Trainee: 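The structure follows.
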Amino acid sequence: MLTAPAPSAKRGRFITLEGGEGAGKSTQLRRLADSLRVSLRARDVELVTTREPGGSPGAEEIRGLLVTGETGRWSATTEALLHTAARRDHLERTVWPALETGSWVLCDRFFDSTMAYQGYGLGLGRDLVETLQTAALGGFRPDLTLILDIDVETGLRRAVARHGGEDRYERMDIGFHQRLRDGFLDIARQEPERCAVVDADADLDTVQARIWDTVAGRLGLAQGQTS
Ligand code: Z5A
């Protein structure tokens, strides 16, 4: 399968989670996946969870080049190309085949991260990032994108407390993190039908409930399944 499956009643839904450092995406993705599996089981539909950069063997190899090493290791253009190359492989090998069989796919980051991090954060600009995404993906877009929003200081405090080895982006300066938060909010303003901003500055259960209400409301799922 080398192209995006055409929209149809059978095609699964593609949901993406986005946000800056420490927004809680990975934690909330696991919680949302549990709720979605319960809801989709009644329809006999599978849920696939995945992430970017990564989500296929080749894209995971590219991930290693992107999330470790010196902050200035790549130019903004090279970085956007690497993320986009990883994305194409991830789509061809993981996302599109799953959607084609009717599975739903829940993905931790997608092309809005390239727009926010490389386009806004690193200053590449919207036009070049859009051109790259169109060339690599055609018109393929998520059915729903949740943007977890949190103020930069709180998010970075959470990210630093968690700490692992993949901290190349966390070490970028505070101005970078502010530009990418503004970028995500700008994306949401420009595409309100696809994107929903969720206030992530609350305890885990409250954020989880906000996310579920948004997903259930936008995609017509049964309410009340928050765990
Ligand atoms: N990147 C890019 O530049 N361009 C692209 O096109 C793409 C990506 C696709 C790797 O992504 C990097 O790639 C990423 C952007 C760049 N930058 N970085 N770093 P990643 O998604 O793998 O990395 P991440 O942003 O660090 O993801 P993460 O692990 O999902 O972090 P998170 O959103 O901060 O989530 P978390 O691990 O769930 O939460 C962080 C900590 O906060 C953790 O200890 C939690 O227990 C805690 N937490 C979470 N929620 C709460 C609440 N509500 N209260 C208190 N504490 C909380």
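All values reported here derive from a predicted model rather than from experimental measurement. Quick note: numbers below take in every heavy atom, side chains included, and nothing from hydrogens, waters or symmetry partners. Here, residue 1 is the first one in the sequence, and each next residue gets the next number. For ligands, and for the atoms within them, numbers begin at 1 and follow the listed sequence.
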Trainee: Is it the side chain (CB and beyond), the backbone, both or neither of Asp203 that lies under 4.0 Å from ligand 1, heavy atoms counted?
Mentor: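 Contact part for Asp203 vs ligand 1: backbone (N, CA, C, O).
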Trainee: Could you establish whether Ala159 and ligand 1 come within less than 4.0 Å of each other, counting only heavy atoms on the residue side?
Mentor: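 Under 4.0 Å: no for Ala159.
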Trainee: Applying side-chain contact (heavy atoms from CB on, under 4.5 Å), run through Val207 and Thr27 and close with a yes or a no.
Mentor: CA-CA 10 Å; Val207 179; Thr27 308; over 6 Å; no
Trainee: Can you confirm, on distance only, whether ligand 1 has an N/O atom lying under 3.5 Å from any N/O atom belonging to Gly22?
Mentor: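 Yes: some nitrogen or oxygen of Gly22 is under 3.5 Å from one in ligand 1.
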Trainee: Backbone, side chain, both or neither: what part of His83 comes under 4.0 angstrom of ligand 1, heavy atoms only?
Mentor: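 Under 4.0 Å from ligand 1, His83 contributes side-chain atoms alone.
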Trainee: Can Leu99 be reached from Val48 by stepping across I, L, V, M, F, W or Y side chains whose heavy atoms are under 4.5 Å apart?
Mentor: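 Yes, Val48 and Leu99 fall within the same hydrophobic cluster.
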Trainee: Heavy atom of Arg63 under 4.0 Å from ligand 1?
Mentor: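 Distance cut 4.0 Å: Arg63 passes for ligand 1.
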Trainee: Less than 6.0 angstrom separating the ring centers of Trp104 and Phe14, yes or no?
Mentor: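 Between Phe14 and Trp104, which both carry aromatic rings, the centre distance is not below 6.0 Å.
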Trainee: Consider ligand 1: state whether an atom of it lies below 4.0 angstrom from any non-hydrogen atom of Gln28.
Mentor: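 The answer is no, since Gln28 has no heavy atom less than 4.0 Å from ligand 1.
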Trainee: Which atom pair, heavy atoms only, marks the closest approach of Arg43 to Gly220?
Mentor: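 Taking Arg43 first and Gly220 second, the nearest heavy atoms are NH2-O, 3.5 Å.
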Trainee: What atoms of ligand 1 come closer than 4.0 angstrom to any heavy atom of Arg87?
Mentor: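 Near Arg87, meaning under 4.0 Å from one of its heavy atoms, ligand 1 has 6 (O), 9 (C).
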Trainee: Closer than 4.0 angstrom: is that true for some heavy atom of Ala202 and an atom of ligand 1?
Mentor: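 Ala202: in contact with ligand 1 (<4.0 Å).
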Trainee: Side chain of Arg109, backbone of Gly19: donor and acceptor closer than 3.5 Å?
Mentor: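 Yes, the answer is positive, given that a donor and an acceptor are paired below the 3.5 Å cut-off.
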Trainee: Is there a heavy atom of Gly19 sitting under 4.0 angstrom from any atom of ligand 1?
Mentor: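 No.
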Trainee: Can you tell me if Val67 contacts ligand 1 (heavy atom of the residue under 4.0 Å from the ligand)?
Mentor: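 Under 4.0 Å: yes for Val67.
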Trainee: Numbering the atoms of ligand 1 from 1, which are under 4.0 Å from a heavy atom of Ala23?
Mentor: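 Those qualifying, in numeric order: 33 (O), 34 (O).
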Trainee: Looking only at distance, does Gly24 have an N or O less than 3.5 Å from an N or O of ligand 1?
Mentor: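 Right, the criterion is met.
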Trainee: So for ligand 1, is Glu79 a polar contact partner (N or O within less than 3.5 Å, distance only)?
Mentor: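 N/O-N/O distance under 3.5 Å: no.
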Trainee: Heavy atoms only: which of Glu21, Arg157, Gln133, Arg109 lies closest to atom 25 (O) of ligand 1?
Mentor: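 Answer by nearest heavy atom: Arg109.
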Trainee: Which residue pairs satisfy the ring-ring contact (aromatic ring centres under 6.0 Å, His included) criterion with at least one member in residues 172-198, sequence neighbours excluded?
Mentor: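 Of all non-adjacent pairs touching residues 172-198, those that pass ring-ring contact (aromatic ring centres under 6.0 Å, His included) are Tyr117-Phe176.
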Trainee: Considering only NZ, NE, NH1 and NH2 on the basic side and carboxylate oxygens on the acidic side, decide whether Asp112 and Arg194 come within less than 4.0 Å.
Mentor: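 Here Asp112 pairs with Arg194 in a salt bridge, since their nearest N and O are under 4.0 Å apart.
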Trainee: Suppose I only count heavy atoms of Ser26 and a 4.0 Å limit; which atoms of ligand 1 are within that range?
Mentor: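 Reading through ligand 1 atom by atom, the close ones are 28 (P), 29 (O), 30 (O), 35 (O), 38 (O).
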Trainee: Report yes if some heavy atom in the side chain of Gln133 is under 4.5 Å from a heavy atom in the side chain of Arg87; otherwise report no.
Mentor: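 Contact flag for Gln133/Arg87 side chains = yes.
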Trainee: With a 4.5 Å limit on heavy-atom distance, are the side chains of Val198 and Asp149 in contact?
Mentor: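 Not touching, per the 4.5 Å side-chain cut-off.
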Trainee: Does the distance from a Lys or Arg side-chain N to an Asp or Glu carboxylate O, for Glu191 and Arg141, drop under 4.0 Å?
Mentor: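 A salt bridge links Glu191 with Arg141.
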Trainee: Which is closest to atom 3 (O) of ligand 1 in terms of heavy atoms, Gln118, Glu18, Gln208?
Mentor: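 That would be Gln118.
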